[in-house]
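Computed from a predicted structure; not experimentally measured.
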Amino acid sequence: MSILVTPETKFLVQGITGGFGGRHAQLSLDYGSQLVAGVTPGKGGQTFADSIPIFDSVVKAVSETGATASAIFVPPPFAADAIFEGIDAGLDLVVAITEGIPVRDMLSVKKVLDASGTKLIGPNCPGIVTPGKGENSHGGCRIGIAPSYIHKAGNIGVVSRSGTLTYEAVWQITSAGKGQSTCVGIGGDPVPGMTHLDVLKMFNDDPETEGIIMIGEIGGTAEEEAAAWAKDNCSKPIAGFIAGATAPPGRRMGHAGAI
């Protein structure tokens, strides 16, 4: 099985007409993912890749295509509104790839999110992949920017704050002849959607996830909270790694969570 998304999950891309969003939308299509719509206000009626309809709003896209998830490739000043659109449309999952969303905007998002039925991965994250079982794991669900070719269907769940360390863990699992149930890059922003603990609980409840890799970074207490819960509640083996030991004064850190 998997968590959050399956190879059958239908999703849309908000910001599909931008260069970054369009490039990764095409890579998801190439992977065999069920990308069914794009959303760019003012460009409704156009198509992407000659077959994917573009809509002016998420509500319209959902009603026309049955999408249950979205990927957000929208500039930071407008990304919070894009998340609100997904919540208003009743999406099960929103994946915010955008980096640099103002913290004040995310505090507003968090308040609305907590009262909704929508789950948020990100922002500032690589997204989520549930590998397919076809050749080279083709036919999986890829929502975000993770390289598809490193994934392989299997029984190891991966959750990580770091994008590049997610890819490293996934590739080592694949190279060892194993595979992944689902890989979730939750991002490193100070006001995130899903946390390590949220994802650990899902992996623990997934009957086909047999082991878990959890990758964290310095900054905050989320990893420690997840470890404390896992010690008393998780029935599956976990390999945990926290990257970094200290944030030197005056040193620019790559992720906001390290502040």
Side-chain angles (χ1 to χ4, degrees), residues 2-75 78-79 82-83 85-98 118-123 125-153 163 166-167 170 180-185 187 193-194:
S2 58
I3 65 168
L4 295 168
V5 298
T6 72
E8 289 72 43
T9 296
K10 296 179 179 179
F11 70 97
L12 56 90
V13 169
Q14 295 171 253
I16 198 168
T17 56
F20 192 52
R23 180 163 70 254
H24 283 286
Q26 185 61 59
L27 289 171
S28 291
L29 284 173
D30 295 343
Y31 190 49
S33 302
Q34 300 300 306
L35 173 59
V36 296
V39 173
T40 300
K43 297 191 177 181
Q46 300 181 22
T47 59
F48 175 80
D50 297 326
S51 61
I52 306 300
I54 298 175
F55 299 90
D56 289 321
S57 71
V58 176
V59 169
K60 181 68 171 176
V62 169
S63 66
E64 293 286 334
T65 66
T68 60
S70 78
I72 292 178
F73 292 91
V74 174
F78 315 110
I83 298 172
E85 263 206 274
I87 295 171
D88 290 343
L91 291 173
D92 295 335
L93 179 69
V94 173
V95 181
I97 307 302
T98 306
T118 301
K119 290 182 172 59
L120 172 68
I121 296 175
C125 74
I128 182 170
V129 177
T130 290
K133 295 185 178 180
E135 185 176 355
N136 296 322
S137 295
H138 190 267
C141 183
R142 172 192 182 271
I143 304 179
I145 62 174
S148 58
Y149 72 91
I150 65 175
H151 294 82
K152 173 183 173 66
T166 306
Y167 311 153
V170 168
Q180 307 86 35
S181 53
T182 299
C183 307
V184 187
M194 298 192 73

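Summarising the geometry of T9 relative to V5, their closest heavy-atom pair is OG1-CA, 3.5 Å, with the distance given to 0.1 Å. The shortest heavy-atom contact between A61 and A37 is CB-CB, 4.1 Å. Nearest approach of A96 to L120, heavy atoms of both residues: CB-CD1, 4.0 Å. Closest heavy-atom contact between G86 and V94: CA-CG2, 4.2 Å. Across all their heavy atoms, P126 and Y167 have their closest contact at CB-OH, 3.3 Å. Shortest non-hydrogen contact noted between T130 and P7 is CG2-CD, 4.0 Å.
The shortest distance between side-chain heavy atoms of V58 and Q14 falls below 4.5 Å. Put simply, the side chain of V62 reaches to within 4.5 Å of the side chain of L12, judged on heavy atoms. Side-chain contact between V170 and V129 is absent, with no heavy atoms from C-beta onward closer than 4.5 Å. A 4.5 Å side-chain heavy-atom check between K119 and L4 finds at least one atom pair inside the cut-off. Side-chain contact between C183 and H151 is present, with heavy atoms from C-beta onward closer than 4.5 Å. Considering only heavy atoms from C-beta on, Q34 stays 4.5 Å or farther from C141 through its side chain. In this structure the side chain of F73 reaches within 4.5 angstrom of the side chain of I145, judged on heavy atoms. Residues I3 and S181 are not in side-chain contact: their nearest non-hydrogen atoms beyond the backbone lie 4.5 Å or more apart.
Although no hydrogens or angles enter the test, the distance criterion places a donor-acceptor pair under 3.5 Å between the side chain of T118 and the main chain of L91. In this structure a side-chain-to-backbone donor-acceptor pair under 3.5 Å is present from D56 to K43. Formation of a donor-acceptor pair under 3.5 Å by the Q180 side chain with backbone atoms of A153 is not found in this model. Judged by distance alone, the side chain of T6 and the main-chain N or O of E8 form a donor-acceptor pair under 3.5 Å. Here the side chain of T98 pairs a donor or acceptor atom with the backbone of V74 at under 3.5 angstrom.
We find the OG1-CD1 distance between T47 and I52 to be 9.0 Å, quoted to the nearest 0.5 Å. I128 CD1 to T182 OG1: the interatomic distance, rounded to the nearest 0.5 Å, is 5.5 Å. Here OG of S57 is found 10.5 Å from CG of D88. Values are rounded to the nearest 0.5 Å.
Every residue was checked against the side chain to side chain donor-acceptor pair (under 3.5 Å) condition with T68, not counting sequence neighbours, and none meets it. When the side chain to side chain donor-acceptor pair (under 3.5 Å) test is applied to E135, no partner is found at least two apart in sequence or on another chain. Qualifying ring pair (Phe, Tyr, Trp, His ring centres under 6.0 Å) partners for Y149, counting only residues two or more places apart in sequence or in other chains: none. When the side chain to side chain donor-acceptor pair (under 3.5 Å) test is applied to D30, the partners found at least two apart in sequence or on another chain are Q26. Judged as a side chain to side chain donor-acceptor pair (under 3.5 Å), and not counting sequence neighbours, the contacts of S28 are R142.
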Please list every donor-acceptor pair under 3.5 Å in which a side-chain atom of residues 15-23 meets a protein atom from a residue at least two apart or in another chain.
| residue | atom | partner | partner atom | Å |
| --- | --- | --- | --- | --- |
| T17 | OG1 | T40 | OG1 | 2.9 |

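A perpendicular orientation is assigned to the rings of Y31 and H138, their planes being inclined by more than 60° (bins at 30° and 60°).
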Q: Could you please spell out the steps behind the side-chain contact (heavy atoms from CB on, under 4.5 Å) verdict for F48 and V13?
A: CA-CA 11 Å; F48 175 80; V13 169; over 6 Å; no
